[in-house]
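Both backbone and side-chain heavy atoms feed into the values below; hydrogens, waters and symmetry mates do not. The sequence lines fix the lettering, A, B, ..., with proteins before strands; numbering per chain opens at 1.
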There are 2 protein chains.
Amino acid sequence: MGTPTTRSATLDDVARAAGVSRATASRVLGGYGFASPDARDRVAAAADRLGYVPNTAARALVRGGGVRLVVAVVGRDDSLFDDPYVDRVVSAAARVCAPHGFGVTLEWLSRRALSELRRLGDDRSVAGMLLVNTTQEALDAVPASMRGRVASIGIGSPAVPSFDVDNAGGAEAVLRHLHAGGHRRIAMITGPRWLTCAERSVTAYRSLMRAAGLPVRVVRGDFTAARGGRAALEVLDRWPDTDAIYAASDATALGAIAALRGRGVQVPHDVAVAGFDDIPYAAVSSPPLTTATHPVARIATAAATAVLHERRAEPVTFFPSTLVARESA
Amino acid sequence: MGTPTTRSATLDDVARAAGVSRATASRVLGGYGFASPDARDRVAAAADRLGYVPNTAARALVRGGGVRLVVAVVGRDDSLFDDPYVDRVVSAAARVCAPHGFGVTLEWLSRRALSELRRLGDDRSVAGMLLVNTTQEALDAVPASMRGRVASIGIGSPAVPSFDVDNAGGAEAVLRHLHAGGHRRIAMITGPRWLTCAERSVTAYRSLMRAAGLPVRVVRGDFTAARGGRAALEVLDRWPDTDAIYAASDATALGAIAALRGRGVQVPHDVAVAGFDDIPYAAVSSPPLTTATHPVARIATAAATAVLHERRAEPVTFFPSTLVARESA
DNA sequence: CGCACACCTGAGAGCGCTATCAGCACAAGA
DNA sequence: TCTTGTGCTGATAGCGCTCTCAGGTGTGCG
């Protein structure tokens, strides 16, 4: 007596039970081609009764469509590794893929590993790719055969359909809030320079400040809390009269607040601090963090859906970011 | 002129290029059976030259091994939905699966959807399952044919190899730290009752407190910050002389600190608060959170590896949790 | 020399599915 | 009557791979 090995019925089983050929069963279940109402009913009933589940592998093999979606993070440095942001993207993609029987795979690639990206693009089991926080050269490394099954997140390249948060809009919302609160000497701690999405925030900051006739004070960060802390201190050292800091990420903002507190600077009393992302802990930080939303799950869901359906999407789709005013600013 | 459709070479291409049969090439590349050193070299060289990538779908089809790993979260309620914890598990699993060409799929199941779990267990494209924070009845719903390819995280059932953090050890480390800090009236905010891992913490708390002749003060939480805040207030109301709170998760602890601050209670001056998990933001909270580590990525990696290799694992594998003493306690 | 016993190889049979294509029955038009 | 459709169906040829099995070659031993 070996293992019972129930497993699901095959298409053959369904066809036999319904008294039709495998081809007809496939046609009914696949929803293409002709089939009489009678056959349709019998096949559907048999499939239901036997608990038929199509075999993704077999289907992918004959269709040549692949079996998994690759989420590739191509960082210029390692600062973004183990970022909760990426975890959320993967998780959302894994949820989108589930009903299709597709799986998701995560590849952390360094800049030197672009050949890896090429290999992945040629892999017949890869149904599509989601490029996260990648660079232009990484985009170029994707083989032509994969074109049309790729989307990017966090980089607004026209080469590939992109999905991202409206950083500029979010920045504007936060800065207007700061301005309305009476702050005028507002410094910004940015994200990494090579990230398009990060650069959109700074660009918006610069033009908004200039338009308002206010001083532009920029210190570079990398989205991490540690760097955010150091950057905040640098802001204070260079421009002691700064009365507000706009951080390009909540992690950065939280790090900045901690560093400020270490210097005896009260937030928001002495310096207001606002972030960007609205991570779960922003609401319970001390003080609760003023920030702007970043609908990561929705963005990733849209990107994954576009890839799976090979949908000819807009070059760039921006998701709105709205202000969440709390106590830190 | 259609699409260039480079795609990767097939095993046939490699075999032909190496001047051997498909079977020999398969043997060399698969690393099983006999092959002369000469054939081995030629095949390896050809595969390398042609950039051969095995087709996961085809392999899974013939081996019947499936093509994806299902991460199933079966919650008794929705409180754990969208939990960063689950995102980390999925992400870690997706990384483990990548080199195997397997994908990961995420299923959020309510308690009523156990039939879904059964369906998944019969799906031939499912290589294995990772049950997260599940219940005993969910474990029982997994078909026998899937046995041996299932692991669980967050529930210590002997029915299935389990991987989890050593909650008891972590609790002890935190409580000893609190005790050493002079705290004697220590209350605990727990996790959901139906979660085995959460219950392990309370059990440890109870026995440790009793052994030390200290009062046992337990308020139920659900791992969320919001509930943590309410629970902290309840602690204060019921036992006003409480001088320390041990929260079963960092989110709970952060919520508790925020609620306490709202009442004008200083942490750690009036009441010390310690958490569990050591999430990224614990280090930059105000005050920085004293907690114990929860190596989620390592746990998930081990679990996914065990499932993929169908390794006969120990019934329960506990990963150590170590104290991270910061300022909140 | 015959025989066993390594060691190695290739033919071939599928895994479960899709998609093409020929064929069948029947109705309508020439 | 013979065509020409129209609506439906079932063989059948693979997709790329694994793995069994029947062989083939060479070495050692009786």
Given atom [atom1] of [X] and atom [atom2] of [N], what is their separation to the nearest angstrom?
X: B/N55; N: D/dG16; atom1: CG; atom2: C1'; answer: 6 Å
X: A/F34; N: D/dG5; atom1: CZ; atom2: P; answer: 15 Å
X: B/L61; N: D/dC15; atom1: CG; atom2: C1'; answer: 9 Å
X: A/D38; N: D/dG7; atom1: CG; atom2: P; answer: 17 Å
X: A/R40; N: D/dT9; atom1: CZ; atom2: C1'; answer: 13 Å
X: B/L11; N: D/dC19; atom1: CG; atom2: P; answer: 12 Å
X: A/R22; N: D/dT12; atom1: CZ; atom2: C1'; answer: 8 Å

Please check the phosphate of [N] (OP1 and OP2 only) for any side-chain N or O of [X] closer than 4.0 Å.
X: A/S36; N: D/dT9; answer: yes
X: B/R63; N: D/dT18; answer: no
X: A/S21; N: D/dG10; answer: yes
X: B/S26; N: D/dC17; answer: no

Outermost nucleotides of DNA chain C that come under 4.0 Å of a non-hydrogen atom of chain B: C/dC8 to C/dG16

Check every strand shown and say whether B/A57 touches a base, only sugar-phosphate, or nothing at a heavy-atom separation below 4.0 Å. nothing

Heavy atoms only, 4.0 Å cut-off, all strands: where does B/A60 land among base, sugar-phosphate and nothing?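 Answer is nothing: B/A60 stays at 4.0 Å or more from every strand.
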
Quick one: [atom1] on [X] to [atom2] on [Y], what's the gap to the nearest 0.5 Å?
X: A/Y52; Y: A/L29; atom1: OH; atom2: CG; result: 5.5 Å
X: A/D164; Y: A/T317; atom1: CG; atom2: OG1; result: 10.0 Å
X: B/T10; Y: B/N55; atom1: OG1; atom2: CG; result: 9.5 Å
X: A/L69; Y: A/C97; atom1: CG; atom2: SG; result: 4.5 Å
X: A/L61; Y: A/S125; atom1: CG; atom2: OG; result: 11.0 Å

Nearest heavy atom decides the nucleotide; on that basis, is A/V62 or B/G30 closer to the 5' end of DNA chain D?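 The residue whose closest nucleotide sits nearer the 5' end is A/V62.
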
Do A/R42 and A/D38 meet the salt-bridge criterion of a basic N to acidic O distance under 4.0 Å? yes

First encountered from the 5' end of DNA chain C, between B/A39 and A/R27: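 With A/R27 and B/A39 compared, the 5'-side residue is B/A39.
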
Closest-nucleotide ordering on DNA chain C, the 5'-leading residue of B/A58 and B/P37: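 Looking at the nearest nucleotide for each, B/P37 comes out on the 5' side.
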
Using the rule ring-ring contact (aromatic ring centres under 6.0 Å, His included), only one of A/Y85, A/F318, A/F223 pairs with A/H294; which is it?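 Checked A/Y85, A/F318, A/F223 against A/H294; only one passes ring-ring contact (aromatic ring centres under 6.0 Å, His included): A/Y85.
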
Heavy-atom check, side chain of [X] versus side chain of [Y], under 4.5 Å:
X: B/V150; Y: B/V307; value: no
X: A/V90; Y: B/D87; value: no
X: B/R124; Y: B/V67; value: no

According to the Watson-Crick and G-U wobble definition with distances under 3.5 Å, which dot-bracket string, read 5' to 3', encodes DNA chain D, using [ ] for crossing pairs and | for pairs with another strand? ||||||||||||||||||||||||||||||

